[in-house]
Amino acid sequence: MELDKPQQIKLFTSMLRIRMLEEKVVELYPAQEMKCPVHLCIGQEAIAAGVCAHLNKDDYLTSNHRGHGHYLAKGGDMRALVAEFYGRSTGCSKGKGGSMHIVDTSAGMFGTSAIVGGGIPMGVGAGLSIDLRGEEKISVIFFGDGAFDEGVFYESYNFAALKKLPVIFICENNFYATNSHQSARHAGSRISNMALGFDSVGTSVDGNNVESVYYAAATAVERARSGHGPTLIEAITYRWKGHVGPGTDFEAGCRSEDELKRWMEKCPIKKYRAKLIEANTLDPDLVARITDSITSEVNDAVQFALKSPLPTADDLMTDLYSE
Amino acid sequence: MELDKPQQIKLFTSMLRIRMLEEKVVELYPAQEMKCPVHLCIGQEAIAAGVCAHLNKDDYLTSNHRGHGHYLAKGGDMRALVAEFYGRSTGCSKGKGGSMHIVDTSAGMFGTSAIVGGGIPMGVGAGLSIDLRGEEKISVIFFGDGAFDEGVFYESYNFAALKKLPVIFICENNFYATNSHQSARHAGSRISNMALGFDSVGTSVDGNNVESVYYAAATAVERARSGHGPTLIEAITYRWKGHVGPGTDFEAGCRSEDELKRWMEKCPIKKYRAKLIEANTLDPDLVARITDSITSEVNDAVQFALKSPLPTADDLMTDLYSE
Amino acid sequence: MPWTKVYEDRSEFAAAVKKDPNLRGLTYRDAILEASTQLLEHDKDFFILGEGVDDPGGVFGTTKGLADRFGDKRVMDTPLAENGVTGIAMGAALTGLRPLLVHMRVDFMTLSLDQIANHAAKWGYMFAGAVKVPLTIRAIIGRGWGSAAQHSQCLQAMFTSVPGLKVVMPATPYDAKGLLTASVYDDNPVIFIEHRALYEQIGHVPEEPYKVELGKAIVRQKGSDVTIVASSQMVTEAMKAGRQLKNDGIECEIIDLRTLKPMDRVTILGSVNKTGRLVIADNGWKEGGYSASVSAIVSEEAFSALKAPIQRVALPNVPTPASHVLEAAYYKSYIDIIEAVKRITG
Amino acid sequence: MPWTKVYEDRSEFAAAVKKDPNLRGLTYRDAILEASTQLLEHDKDFFILGEGVDDPGGVFGTTKGLADRFGDKRVMDTPLAENGVTGIAMGAALTGLRPLLVHMRVDFMTLSLDQIANHAAKWGYMFAGAVKVPLTIRAIIGRGWGSAAQHSQCLQAMFTSVPGLKVVMPATPYDAKGLLTASVYDDNPVIFIEHRALYEQIGHVPEEPYKVELGKAIVRQKGSDVTIVASSQMVTEAMKAGRQLKNDGIECEIIDLRTLKPMDRVTILGSVNKTGRLVIADNGWKEGGYSASVSAIVSEEAFSALKAPIQRVALPNVPTPASHVLEAAYYKSYIDIIEAVKRITG
Ligand SMILES: Cc1ncc(C[n+]2csc(CCOP(=O)(O)OP(=O)(O)O)c2C)c(N)n1
Ligand SMILES: Cc1ncc(C[n+]2csc(CCOP(=O)(O)OP(=O)(O)O)c2C)c(N)n1
Ligand SMILES: [Mg+2]
Ligand SMILES: [Mg+2]
């Protein structure tokens with residue numbers, strides 16, 4: 001299944017849309033009107049875009065604290081997302097969740113956890129539900145190389161492989177958990193090798209190459225949909241911003257500026273744009289039109305959020321239990 | 001390092017001692033004087049014997065609910081063990097622990113957990129302590145195929161492999177966790193394969209062949225003592241008795257009688273006795289002398305326990321905190 | 001009404017059946033089995049999972065035969081992976097299924113506390129009602145025969161300390177069935193704690209499915225001198241104590257909480273306002289225990305009615321010891337309740 | 001004495017330094033860093049481990065520079081594996097080392113509750129003193145800026161519900177240093193909970209190492225009208241409330257618990273016996289919270305002294321919301337303490 005031109009343009013657009021929303025957050029955050037931590041995925045957009053290109057709206061997606069990209073790529077509502085950043089009652093979680101806790105059940109997202117690894121079993125549970133109900137859907141779980149440290153990953157993967165559930169595990173390996181390097185946390189050198197112990201399939205892929213991600217995901221989706229169980233995809237990438245907030249963090253000595261620069265050269269969007277222009281799939285004009293359209297969408301979402309009401313103290317005690 | 005005759009006799013004796021103590025428990029348990037659950041390891045003795053033959057008294061050993069064999073093989077005090085079964089104040093835990101919670105710090109055992117997998121990280125912590133203090137010791141962890149299910153195994157193994165700690169993981173795979181078969185719990189077909197994901201070494205061995213266990217452990221001990229980190233040894237075996245208590249459990253439909261019979265033919269003690277007699281290392285006379293000596297030791301331990309005082313209600317509130 | 005009655009022993013129930021031959025008796029164990037069976041029969045979204053639920057023993061009999069009858073997709077054995085499996089059950093619940101996750105011992109739930117307290121409990125609130133977590137977790141309290149410190153705990157205080165959970169502890173066969181059914185149909189995470197010492201208890205249980213409303217306590221015995229608030233197995237002890245105290249002329253009002261969280265304050269406060277005296281009997285530890293929660297609410301909201309210090313009958317502040325001598329000194333019974341009542345009456 | 005004083009703000013401390021130029025000031029954050037540094041210097045059995053302890057930021061500054069100075073074996077970054085690492089630290093403690101395990105947020109400890117509650121807490125008792133667990137676990141309470149439900153909890157009630165643990169919550173820089181040192185040298189598992197809102201607080205801290213005894217509360221302010229029992233950041237709020245109430249002619253006796261478990265009942269009961277009125281201020285939830293434990297003990301043991309209902313100032317029964325508007329409605333302050341005091345005085 002070769003990608004055709006419209007699909008390629010879609011992939012490009014999907015990445016750019018994530019980037020532009022997050023750049024907007026970078027721009028607006030210093031005003032201190034978004035009063036919650038933000039974990040930006042700038043630099044990592046190819047993974048969300050490449051994987052989600054395969055998904056239907058009713059497929060399930062589980063994400064984590066760094067979830068804006070997954071949310072947008074899966075079809076989550078941008079207005080509701082930005083409003084949540086701003087703590088508004090029109091936010092996807094009505095201001096109760098903040099940027100780390102986003103939800104869009106209509107896009108198959110049942111809420112993100114900010115406990116590292118916490119969402120992984122939920123995604124497997126969604127896969128179990130598909131299996132028990134005999135549905136055609138699949139369940140995709142995004143998590144980081146930090147979450148890979150957690151025992152709950154192991155328990156969850158084992159369960160999914162044991163029951164041959166239609167689940168795809170996407171480990172976004174950006175080398176760091178906060179500022180702790182993978183080498184300080186993992187005995188093994190390849191995350192995808194962990195699949196071996198489960199008699200399952202793992203694969204490592206350049207997470208900055210959207211088509212590589214796309215094709216790796218295609219195989220996994222095929223496996224999942226045909227009853228062969230989970231695949232562990234390690235997508236190797238890099239986050240440009242600090243662990244949290246809009247700044248970079250090499251100044252603080254968390255990482256070297258060189259490392260960041262090297263990875264910025266591997267920008268998934270820049271690289272893909274060049275490739276598509278080279279192939280005459282994109283031209284500067286089309287890029288401009290796509291950019292404009294996203295600009296409007298982003299501005300609209302921000303305007304929507306800023307015009308939206310804040311919750312009131314009366315909302316504090318609602319929603320504890322579902323009746 | 002070929003085993004010489006005295007070492008072989010030691011291995012045989014070590015197994016027989018475990019067997020005979022446990023057979024005594026089987027005999028005495030119905031009197032309902034040992035008022036605690038007992039998890040017998042009859043059929044699995046070769047593993048404790050084969051591994052512990054390499055250990056010094058000050059090496060660390062971590063065990064679980066099915067720990068009598070490990071305790072004896074490591075040099076734990078038999079009197080204190082039996083007294084603990086009988087809830088006496090001379091028991092290794094002064095009656096506060098019962099059969100699932102046994103301890104002998106002089107033999108490098110810091111207390112067993114009855115939470116499946118609960119002891120595993122402790123054993124790694126002991127290995128970390130050895131490393132931090134620059135000692136020559138090693139730390140051996142016994143756990144079951146059920147404990148292998150738990151995320152804490154994964155977290156612990158990763159840590160040990162990452163820090164190259166002198167730890168040996170011995171998974172006693174008797175196929176069942178309570179009555180749940182391995183095939184209902186593990187996606188992978190070989191427990192030892194899990195080492196691959198950690199760039200570590202795993203090996204599977206016939207857990208009913210004491211010399212096979214001995215040689216597999218030898219390699220692991222060598223690796224541990226020379227700074228190469230942990231080894232995952234899967235020792236394949238079978239428990240003859242029910243999960244808990246002195247009875248068999250095929251009557252209850254938990255397993256087939258055939259399966260038990262097949263494994264009883266592979267009795268590690270019977271097989272090894274035959275081998276050693278064949279090689280003229282043992283003769284019926286020596287076997288009788290060994291048996292007699294163990295009989296006395298076991299009877300002495302039981303007598304000691306039965307003559308020992310019970311705790312009193314005053315002991316209830318002591319030992320909560322160490323001062 | 002027959003279903004509100006606590007039959008202290010089998011002979012008492014046998015006598016009741018003599019009077020009313022239509023009185024259908026079932027043990028607490030079988031009441032749970034019956035509720036589970038009927039849920040499996042009637043609701044395709046309902047399923048059971050947990051370690052050993054398909055075991056021939058069937059979790060002390062409470063799931064016996066179900067795997068054979070309904071298959072291993074609806075009655076599913078799981079790996080020993082408490083945190084993962086709890087999250088998996090929660091994920092299934094988020095998609096609209098109604099999982100019932102079973103633990104042989106409540107002690108093992110410390111392993112899954114993250115999925116329970118940081119996830120299931122918070123999901124509804126954190127996403128402002130966009131999602132529901134219709135997950136019920138059954139857990140059994142073990143006791144006796146040297147079970148010792150890791151196989152005998154009563155951890156209700158841990159769960160009741162977390163907003164968003166419901167915590168249910170049935171004391172009778174009737175409630176075991178009705179509360180379990182209600183828990184499964186509740187759209188929130190419910191921790192359903194059973195006491196194994198009650199498994200043989202018999203009582204009236206109607207055959208057809210029914211629910212007992214969560215969050216409502218029940219007055220098991222009316223009385224004017226002192227209120228005893230109890231739950232789970234302590235209700236049996238309280239009833240025994242109440243009967244003996246009656247002989248001494250002390251009328252106890254005995255409240256069975258049924259649901260610990262949310263707590264039925266109205267029933268508790270109403271009774272204390274009437275009697276002016278309160279004894280709380282809880283199977284857990286006294287220090288930091290659930291009994292303190294009841295006490296605190298009463299001394300805040302019914303202080304002026306109180307005529308005597310609030311008494312708590314609960315476990316001393318040590319882990320469970322193994323030796324039977326120590327167990328005997330450790331556990332509380334109707335005798336301790338009687339003593340507590342006497343300390344503040346007369 | 002300067003070390004018992006709570007300086008509500010920096011100007012107050014600056015004024016004190018003017019009077020006594022030898023008064024050495026340190027922030028709460030730096031007091032923890034100093035205790036840790038001195039322990040690393042003086043005790044080769046002591047080491048620090050935890051996620052990000054070697055981070056340039058140094059766990060909000062409390063471990064800053066230590067890894068560079070003492071190396072990665074004594075200040076050890078760990079994988080994100082809370083349950084495993086807790087068990088590993090415990091194993092090291094069993095062999096006689098004194099590990100200090102650090103969590104950026106107390107919320108993550110739900111993952112390690114099995115090792116804490118089923119293992120560390122029970123080990124000494126279960127083995128009748130044959131083993132010791134000199135393990136200290138630092139955990140930080142976060143708050144504000146939309147931290148939301150999973151990054152802001154006060155879980156002391158969870159820990160105080162388990163026999164065998166000690167739970168410490170320092171309120172001042174002096175105590176932060178002295179209690180941390182005492183915790184490390186305690187042979188039992190200690191949960192040491194810090195409130196990040198206190199990190200900038202300044203106070204007198206002697207340079208030489210010292211211990212503040214565990215299990216002893218301290219009276220921060222004497223008074224005869226009402227007792228306020230507080231801990232951690234609520235002590236600051238209580239002091240503020242006490243000052244304002246003095247203007248209204250109400251004399252508060254303010255007790256800083258310092259150690260929540262074991263609880264210093266003598267100090268609490270002594271004060272309530274004198275004042276007859278009690279307000280408990282706790283950073284945790286009210287329902288099922290630690291404040292209930294204090295309340296229950298007082299209404300059991302000092303009932304006859306009580307002149308008014310016990311009041312509790314604690315969080316409402318919902319997870320922490322993210323939006324700042326909701327946060328403002330959620331958290332409690334000196335104003336709530338003043339209101340509670342006024343409800344039961346005058
Ligand atoms: C259980 C748990 N431990 C620690 C944290 C603190 N924390 C938040 S994000 C994070 C790093 C996660 O790294 P990774 O999974 O690689 O995701 P990334 O941030 O790199 O996208 C940590 C340690 C947490 N939220 N939950
Ligand atoms: C965390 C936890 N889950 C469940 C149990 C109940 N349980 C006790 S022993 C056991 C089986 C353990 O199997 P395995 O590790 O293979 O050891 P074996 O009994 O076969 O020697 C189970 C499930 C427990 N004690 N702890
Ligand atoms: Mg990462
Ligand atoms: Mg087994």
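Order of the sequence lines fixes the chain letters, A, B, ..., with proteins taken first and strands second; residue numbering starts at 1 for each chain.
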Might you point out which heavy atoms bring [X] and [Y] nearest each other, and give the distance in Å?
X      : Y      : value
A:I47  : A:V213 : O-CG1, 3.8 Å
A:P166 : A:A224 : CB-O, 3.5 Å
B:F153 : B:A147 : CB-O, 3.8 Å

Practice item. Apply side chain to side chain contact (heavy atoms under 4.5 Å, CB included) to A:V201 and A:L232, showing your working. Key: CA-CA 6 Å; A:V201 172; A:L232 175 58; over 6 Å; no

Practice item. Please step through side chain to side chain contact (heavy atoms under 4.5 Å, CB included) for the pair B:L55 and B:V140, ending with a clear verdict. Key: CA-CA 9 Å; B:L55 304 182; B:V140 172; 3.7 Å; yes

Point to revise | Derivation of the side chain to side chain contact (heavy atoms under 4.5 Å, CB included) call for B:I168 and B:V221 | key: CA-CA 7 Å; B:I168 304 178; B:V221 168; 3.5 Å; yes

**Study point:** Portion of A:A160 that has a non-hydrogen atom of chain B nearer than 4.5 angstrom
**Key:**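 Interface part for A:A160: neither.
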
Check your understanding: Which region of A:F159, side chain (C-beta onward) or backbone (N, CA, C, O), has a non-hydrogen atom less than 4.5 Å from a non-hydrogen atom of chain B, or is it both or neither?
Key ->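 For A:F159, no heavy atom lies under 4.5 Å from chain B.
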
Check: residues 114-127 of chain A side-chain donor-acceptor pairs under 3.5 Å, at least two apart:
none

Review point. Which bit of B:A184 is near chain A, if near means a heavy-atom gap under 4.5 Å: side chain, backbone, both or neither?
Key: backbone

Revision key, fill the gap. Among A:G229, A:G188, A:G202, A:A187, the residue with the most heavy-atom pairs under 4.5 Å to chain B is A:A187

Geometric donor-acceptor pairs, no angle filter, chain B-chain A, under 3.5 Å:
from, atom 1, to, atom 2, distance (Å)
B:F148, O, A:Y154, OH, 2.6
B:G151, N, A:E155, OE2, 2.6
B:Y154, OH, A:F148, O, 2.6
B:E155, OE2, A:G151, N, 2.6
B:N158, OD1, A:A187, N, 2.8
B:N158, ND2, A:R185, O, 2.7
B:R185, O, A:N158, ND2, 2.7
B:A187, N, A:N158, OD1, 2.8
B:S189, N, A:D199, OD2, 3.0
B:S189, OG, A:D199, OD2, 2.7
B:D199, OD2, A:S189, N, 3.0
B:D199, OD2, A:S189, OG, 2.7

Exercise for review: Decide yes or no on side chain to side chain contact (heavy atoms under 4.5 Å, CB included) for B:F142 and B:L61, but give the supporting numbers first.
Suggested key: CA-CA 8 Å; B:F142 287 93; B:L61 187 147; 3.5 Å; yes

